[in-house]
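For reference, the structure is listed below as structure tokens.
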Amino acid sequence: MKKFIKHLVLASSICVFAINAKADAPKRQIENQKLEIFDTGLGVRNGDDLASAGIWLSNDLFAMTSTKDLPAAAEKLLLEVRLVDWQTKTSKILVDEGQLVCWNPERQIASIKTYSNTPGEIAVSYKLIKLTAQGQVSLRSDNVPINQHFCQATASLPPKSLTILLREPDGYIQLNTPGEPYIGEKTAVWMRPGKAPLDMNVRVEEVHGAGNLIGNYLAYSQKYLLNTWDSQGNSDTDRRRAGVGWNRPYDLTPYRLMALDGSIEEIPYPKIIFEYGLKRFAYFLPTPSGALISSNNLYLLQGEKLSRIWPRPGLFGHITPEIIDSLVLSPDGCKIAFRHYRDIKYTTPKSVSIINLCQKA
């Protein structure tokens with residue numbers, strides 16, 4: 001009898017475990033989608049500049065900082081700027097010494113940071129160069145004062161306050177009045193050159209740029225993406241965290257696109273990801289091919305279908321997750337460049353790859 005009861009309890013436990021496993025199982029299955037991928041073979045060192053992965057000069061040309069092919073190059077800050085050509089799947093040296101900081105496509109001016117190692121200290125200097133969309137480098141022919149960190153005319157930069165810098169012709173988004181404290185419930189204001197300020201009717205706590213400093217301009221749509229991170233887990237953007245003070249018509253802040261006329265389009269938070277077992281993500285980026293979603297994988301959301309596009313399956317279909325960051329979209333919205341790595345040490349070079357979202361492999 002005791003033996004029978006023991007078997008009955010064991011069978012019941014297995015049954016309960018099976019029911020719970022079934023309840024927790026995703027309703028939908030993530031499939032792998034094969035797209036054209038180019039591994040640049042170049043390593044980029046962690047940096048605190050705007051061009052942490054690189055900058056698209058055109059739809060096919062990508063400029064990026066790379067460690068030189070020398071022993072301990074990352075630790076010694078032996079860096080060069082290279083031009084990656086998507087069409088030929090090759091790269092060449094653009095600037096033989098230094099790190100790409102930023103690029104102004106309207107003025108076609110780039111800032112290069114160089115390091116000189118002396119015992120006990122590292123001296124940093126900057127130089128501004130002419131860099132065309134075709135990847136041609138030359139000396140500057142004008143003497144307009146340019147900020148070396150943002151590659152914009154010094155006179156066009158905002159006063160000291162919390163702002164998100166847009167392209168030079170578009171001004172900036174002001175998040176607080178200069179000299180006054182930051183208040184998240186206030187609405188952001190678009191300060192447009194030569195025009196009256198425009199109240200965006202969006203709470204400042206729901207607006208952030210790429211790295212919180214620079215607006216994320218999507219050239220293919222001529223719109224700015226006002227927020228990119230997962231809305232979950234932050235009391236500014238998540239009703240569950242905010243509690244009774246939440247007075248907005250949505251539970252999670254939607255993603256917003258601002259056109260150059262000031263009109264704003266809202267993209268609802270993609271709750272469909274929960275049905276695939278994806279609980280949260282790091283980055284959301286609309287493209288002509290669907291929404292890019294990154295975590296330790298890179299996904300493409302097309303309608304209600306979620307596909308994994310990175311990493312590529314290994315032996316027996318095994319997926320080894322990596323840290324993915326610094327997503328940079330080409331002007332036509334078809335190619336995404338990004339860093340990926342497992343070693344988080346600051347001096348360890350991070351790989352850079354490019355995926356064509358508009359053409360399958």
Side-chain angles (χ1 to χ4, degrees), residues 50 55 102-107 109 144-147 149-231 234-239 242 245-269 283-288 291 328-329 331-333:
L50 304 180
I55 296 172
C102 55
W103 181 60
N104 185 324
E106 288 77 34
R107 295 183 180 274
I109 288 176
V144 176
I146 300 292
N147 181 282
H149 302 289
F150 302 110
C151 292
Q152 294 196 9
T154 305
S156 71
L157 295 177
K160 269 194 173 181
S161 59
L162 288 172
T163 60
I164 292 176
L165 203 58
L166 307 179
R167 298 180 310 159
E168 189 172 330
D170 299 333
Y172 59 93
I173 296 173
Q174 187 168 274
L175 303 181
N176 77 312
T177 304
E180 294 186 5
Y182 171 88
I183 302 175
E185 293 82 5
K186 281 191 172 183
T187 54
V189 178
W190 183 11
M191 307 300 286
R192 303 172 295 175
K195 297 180 181 178
L198 178 67
D199 189 323
M200 296 166 55
N201 198 29
V202 176
R203 298 162 74 102
V204 297
E205 61 193 359
E206 294 186 323
V207 179
H208 59 77
N212 271 0
L213 291 173
I214 300 297
N216 200 333
Y217 183 67
L218 307 180
Y220 75 88
S221 64
Q222 295 186 315
K223 295 177 181 179
Y224 284 96
L225 179 62
L226 298 181
N227 52 322
T228 58
W229 300 331
D230 193 337
S231 298
N234 188 321
S235 60
D236 292 340
T237 53
D238 186 338
R239 180 193 294 272
W246 187 270
N247 59 357
R248 285 160 259 180
Y250 41 80
D251 296 329
L252 293 166
T253 293
Y255 294 90
R256 295 187 174 100
L257 294 166
M258 183 180 74
L260 298 180
D261 62 1
S263 59
I264 292 179
E265 171 192 349
E266 291 191 349
I267 303 174
Y269 185 92
Y283 200 81
F284 180 92
L285 182 61
T287 79
V328 190
L329 193 64
D332 61 2

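Just so you know, these numbers come straight off a predicted model, no measurement behind them.
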query: Should the heavy atoms of other residues, nucleotides or ligands under 6.0 Å from CD of Glu265 be counted, would the total exceed 12?
result: yes
message: Set out, in order, the CA-CA distance, both residues' side-chain angles and the distance that settles side chain to side chain contact (heavy atoms under 4.5 Å, CB included) for Leu166 and Ile173, then state yes or no.
response: CA-CA 7 Å; Leu166 307 179; Ile173 296 173; 4.1 Å; yes
query: How many angstroms lie between CG in Asn104 and CD1 in Ile146, if you round to the nearest 0.5 Å?
result: 6.5 Å
task: Could you pull out all residues at least two apart from Arg192 that satisfy salt bridge (Lys or Arg N to Asp or Glu O under 4.0 Å)?
output: none
message: Please find the pair of heavy atoms, one from Leu260 and one from Asp170, that lie closest to each other, and give the distance.
response: CD2-OD2, 3.8 Å
- line: For Cys151 and Trp103 the tightest heavy-atom approach is SG-N, 3.6 Å
statement: Sorted by chain and number, sequence neighbours left out, side chain to side chain donor-acceptor pair (under 3.5 Å) with Asp199 holds for Thr187
field: Leu157 CG to Asn147 CG distance, which is reported to the nearest 0.5 Å
entry: 5.0 Å
- prompt: In terms of side-chain geometry, is the basic nitrogen of Glu205 or Arg248 positioned less than 4.0 Å from the acidic oxygen of its partner?
  reply: yes
field: Pro159: side-chain contact (heavy atoms from CB on, under 4.5 Å) partners, not counting sequence neighbours
entry: Tyr172, Pro178
query: If every non-hydrogen atom of Tyr283 is compared with every non-hydrogen atom of Leu285, which pair is closest and at what distance?
result: CE2-CB, 4.0 Å
- request: Applying side chain to side chain contact (heavy atoms under 4.5 Å, CB included), run through Glu180 and Lys186 and close with a yes or a no.
  value: CA-CA 12 Å; Glu180 294 186 5; Lys186 281 191 172 183; 3.5 Å; yes
- prompt: Nearest heavy-atom pair of Pro158 and Leu165: which atoms, and what distance?
  reply: CD-CD1, 3.6 Å
- prompt: Quick one: NZ on Lys223 to CG on Leu218, what's the gap to the nearest 0.5 Å?
  reply: 9.5 Å
field: Trp229 vs Asn234, side chain to side chain contact (heavy atoms under 4.5 Å, CB included): CA-CA, chis, key distance, verdict
entry: CA-CA 10 Å; Trp229 300 331; Asn234 188 321; over 6 Å; no
- prompt: Among all residues two or more places apart in sequence or in another chain, which pass the side chain to side chain donor-acceptor pair (under 3.5 Å) test with Tyr255?
  reply: none
- request: Please list, chain by chain and in numerical order, all residues satisfying side chain to side chain donor-acceptor pair (under 3.5 Å) with Ser156, sequence neighbours excluded.
  value: none
- prompt: With a 4.5 Å heavy-atom cut-off, do Leu252 and Thr237 have their side chains touching?
  reply: no
message: Ignoring hydrogens, what is the shortest heavy-atom contact between Leu225 and Pro286? Give both atom names and the distance.
response: CD2-CD, 3.7 Å
- request: Look at atom CG of Asn201 and say whether more than 12 heavy atoms of other residues, nucleotides or ligands are closer to it than 6.0 Å.
  value: no
query: Between SG of Cys102 and CZ of Phe150, what distance do you get to the nearest 0.5 Å?
result: 8.5 Å
- prompt: Is it true that the side chains of Thr253 and Glu206 contain a donor and an acceptor less than 3.5 Å apart?
  reply: yes
query: By salt bridge (Lys or Arg N to Asp or Glu O under 4.0 Å), which residues pair with Glu185, not counting sequence neighbours?
result: none
message: Run the salt bridge (Lys or Arg N to Asp or Glu O under 4.0 Å) test against Glu168 and tell me which residues pass, sequence neighbours left out.
response: Arg107
- request: Output all residues satisfying side chain to side chain donor-acceptor pair (under 3.5 Å) with Asp238, sequence neighbours left out; order by chain, then residue number.
  value: Arg240
Min side-chain heavy-atom separation Pro254-Ile267 under 4.5 Å: no
- prompt: Is a side-chain N or O of Asn176 found less than 3.5 angstrom from the main chain of Leu162, in a donor-acceptor match?
  reply: yes
task: For Val207 and Ala188, work out which heavy atoms get closest and say how close.
output: CG2-CB, 4.4 Å
query: Looking at CH2 of Trp246 and CG of Asp236, how far apart are the two atoms once the value is rounded to the nearest 0.5 Å?
result: 8.5 Å
query: For Ile264, which residues count as a side-chain contact (heavy atoms from CB on, under 4.5 Å) partner, sequence neighbours excluded?
result: Met200, Val202, Leu226, Arg256, Met258
statement: Sorted by chain and number, sequence neighbours left out, side-chain contact (heavy atoms from CB on, under 4.5 Å) with Asn247 holds for Arg203
- line: The ring pair (Phe, Tyr, Trp, His ring centres under 6.0 Å) partners of Tyr224 (sequence neighbours excluded) come to Tyr217
task: Mind checking salt bridge (Lys or Arg N to Asp or Glu O under 4.0 Å) for Asp251 and listing every partner two or more places apart, or none if nothing turns up?
output: Arg239, Lys271
